[in-house]
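Take a look at the structure set out below.
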Amino acid sequence: QVQLVESGGGSVQAGGSLRLSCAASGLTFRSYAMGWFRQAPGKEREFVAAISWSGGITYYTDSVKGRFTISRDNAKSTVYLQMTSLKPEDTAVYYCAVRGIISTKNNDYPYWGQGTQVTVSS
(Lines give C-alpha, C1' and ligand atoms only; values in the text may rest on other atoms or scores of the structure.)
Protein backbone atom coordinates (compact mmCIF):
# COMPACT_ATOMS: atom_id res chain seq x y z
CA GLN A 1 0.00 0.00 0.00
CA VAL A 2 1.05 3.60 -0.46
CA GLN A 3 2.99 4.96 2.48
CA LEU A 4 4.34 8.47 2.98
CA VAL A 5 6.63 9.30 5.88
CA GLU A 6 7.58 12.90 6.63
CA SER A 7 10.62 13.95 8.63
CA GLY A 8 12.70 17.02 9.33
CA GLY A 9 10.29 19.08 11.37
CA GLY A 10 11.35 20.86 14.52
CA SER A 11 11.54 24.14 16.37
CA VAL A 12 13.44 27.12 14.99
CA GLN A 13 13.62 30.83 15.55
CA ALA A 14 12.20 33.27 13.04
CA GLY A 15 14.56 33.68 10.12
CA GLY A 16 15.82 30.15 10.42
CA SER A 17 15.62 27.25 7.97
CA LEU A 18 14.41 23.68 7.90
CA ARG A 19 14.27 20.99 5.25
CA LEU A 20 11.38 18.58 5.31
CA SER A 21 11.58 15.21 3.63
CA CYS A 22 8.83 12.83 2.58
CA ALA A 23 9.80 9.27 1.70
CA ALA A 24 7.29 7.36 -0.40
CA SER A 25 6.80 3.65 -0.84
CA GLY A 26 4.23 1.33 -2.39
CA LEU A 27 4.02 3.23 -5.68
CA THR A 28 6.05 4.06 -8.77
CA PHE A 29 7.18 7.36 -7.33
CA ARG A 30 8.50 8.86 -10.55
CA SER A 31 5.02 8.66 -12.08
CA TYR A 32 3.28 10.79 -9.47
CA ALA A 33 2.99 14.43 -8.51
CA MET A 34 3.65 15.37 -4.90
CA GLY A 35 2.29 18.11 -2.71
CA TRP A 36 3.03 19.72 0.64
CA PHE A 37 0.21 21.07 2.78
CA ARG A 38 0.08 22.47 6.30
CA GLN A 39 -2.43 22.86 9.08
CA ALA A 40 -2.08 25.38 11.87
CA PRO A 41 -4.06 25.02 15.13
CA GLY A 42 -7.67 26.02 14.62
CA LYS A 43 -7.26 26.42 10.88
CA GLU A 44 -8.04 24.34 7.83
CA ARG A 45 -5.31 22.46 6.03
CA GLU A 46 -3.88 24.62 3.26
CA PHE A 47 -1.78 24.12 0.18
CA VAL A 48 1.91 25.02 0.39
CA ALA A 49 3.70 23.64 -2.67
CA ALA A 50 3.44 20.97 -5.34
CA ILE A 51 5.72 19.40 -7.91
CA SER A 52 5.00 17.40 -11.04
CA TRP A 53 6.27 13.88 -11.60
CA SER A 54 9.27 15.14 -13.55
CA GLY A 55 9.97 18.11 -11.33
CA GLY A 56 9.45 20.40 -14.29
CA ILE A 57 6.37 22.10 -12.90
CA THR A 58 6.10 23.58 -9.43
CA TYR A 59 3.39 25.58 -7.69
CA TYR A 60 3.58 27.59 -4.48
CA THR A 61 1.11 29.43 -2.36
CA ASP A 62 1.82 33.16 -2.41
CA SER A 63 2.88 33.37 1.23
CA VAL A 64 5.88 31.05 0.71
CA LYS A 65 7.07 32.12 -2.72
CA GLY A 66 10.73 33.07 -2.62
CA ARG A 67 11.20 31.37 0.76
CA PHE A 68 10.27 27.71 0.20
CA THR A 69 11.51 25.37 -2.50
CA ILE A 70 9.99 22.01 -3.37
CA SER A 71 12.16 19.42 -5.06
CA ARG A 72 12.25 15.68 -5.58
CA ASP A 73 14.71 12.85 -6.02
CA ASN A 74 13.00 10.12 -7.99
CA ALA A 75 15.89 7.73 -7.40
CA LYS A 76 15.25 8.00 -3.65
CA SER A 77 11.45 8.22 -3.90
CA THR A 78 11.63 11.35 -1.79
CA VAL A 79 10.22 14.85 -2.03
CA TYR A 80 11.70 17.77 -0.12
CA LEU A 81 10.54 21.13 1.11
CA GLN A 82 13.38 23.53 1.80
CA MET A 83 12.08 26.31 4.03
CA THR A 84 14.07 29.47 4.61
CA SER A 85 13.36 32.82 6.26
CA LEU A 86 10.80 31.09 8.43
CA LYS A 87 8.15 33.17 10.15
CA PRO A 88 5.98 32.43 13.20
CA GLU A 89 2.99 32.17 10.87
CA ASP A 90 4.65 29.17 9.20
CA THR A 91 4.05 27.20 12.40
CA ALA A 92 1.91 24.19 11.52
CA VAL A 93 1.87 20.47 10.98
CA TYR A 94 3.23 19.84 7.50
CA TYR A 95 1.89 16.97 5.41
CA CYS A 96 3.01 15.49 2.13
CA ALA A 97 0.54 13.96 -0.29
CA VAL A 98 0.61 12.13 -3.61
CA ARG A 99 -1.57 11.97 -6.69
CA GLY A 100 -1.20 11.34 -10.40
CA ILE A 101 -1.38 14.88 -11.74
CA ILE A 102 -0.12 18.01 -10.01
CA SER A 103 -2.78 19.93 -8.12
CA THR A 104 -3.09 22.61 -5.45
CA LYS A 105 -6.32 21.25 -3.98
CA ASN A 106 -6.50 19.22 -0.77
CA ASN A 107 -9.31 17.02 -1.96
CA ASP A 108 -7.46 15.97 -5.11
CA TYR A 109 -4.89 14.01 -3.11
CA PRO A 110 -5.89 10.47 -2.04
CA TYR A 111 -2.77 9.56 -0.06
CA TRP A 112 -1.28 11.48 2.86
CA GLY A 113 1.55 11.19 5.33
CA GLN A 114 1.14 11.49 9.08
CA GLY A 115 2.60 14.98 9.27
CA THR A 116 5.59 16.63 10.91
CA GLN A 117 5.43 19.58 13.29
CA VAL A 118 7.18 22.84 12.44
CA THR A 119 7.30 25.49 15.13
CA VAL A 120 8.76 28.93 14.48
CA SER A 121 9.29 31.21 17.46
CA SER A 122 9.67 34.97 17.30
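Keep in mind that this is a model prediction, so the values were computed, not measured.
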Pro88 to Ala14 - nearest heavy-atom pair and separation: CD-CB, 4.1 Å
Joint hydrophobic cluster, Met83 plus Tyr80, side-chain heavy atoms closer than 4.5 Å: no
Point-to-point distance, once rounded to the nearest 0.5 Å, from CD of Gln13 to OG of Ser121: 5.0 Å
Any donor-acceptor pair under 3.5 Å from Arg99 side chain to Asp108 backbone: yes
ILVMFWY network linking Val98 to Tyr94, side-chain heavy atoms under 4.5 angstrom: yes
Listed once per pair and sorted, the ring-ring contact (aromatic ring centres under 6.0 Å, His included) pairs that draw on residues 42-74, sequence neighbours left out: Phe37-Phe47
Linked, directly or transitively: Leu4 and Trp36 (ILVMFWY side chains, under 4.5 Å): yes
Within-4.5 Å side-chain heavy-atom neighbours: Gln117 and Thr91: yes
Connected via hydrophobic side-chain network under 4.5 Å: Phe29 and Tyr111: yes
Side chain to side chain contact (heavy atoms under 4.5 Å, CB included) assessment of Asp90 paired with Arg67: CA-CA 11 Å; Asp90 294 318; Arg67 300 189 298 122; 2.7 Å; yes
Distance, nearest 0.5 Å, that separates CE of Met34 from OG of Ser52: 12.0 Å
Rounded distance (nearest 0.5 Å) linking atom CD of Gln114 with atom CD of Gln3: 8.5 Å
Spatial distance of atom CD1 (Ile70) from atom CG (Leu20) [nearest 0.5 Å]: 10.5 Å
Heavy-atom closest pair, residues Tyr109 and Ser103: OH-O, 2.6 Å
CZ-SG distance between Arg72 and Cys96, expressed to the nearest 0.5 angstrom: 11.0 Å
Donor-acceptor pair, side chain of Thr84 and main chain of Ser17, under 3.5 angstrom: no
Linked, directly or transitively: Ile101 and Val48 (ILVMFWY side chains, under 4.5 Å): no
Expected output: side-chain Glu6 to main-chain Gly115 donor-acceptor under 3.5 Å: yes
Gap separating the CD atom of Glu44 from the CZ atom of Arg38, nearest 0.5 angstrom: 14.0 Å
Exercise: identify the closest heavy-atom pair between Ile102 and Ile57: CD1-O, 3.6 Å
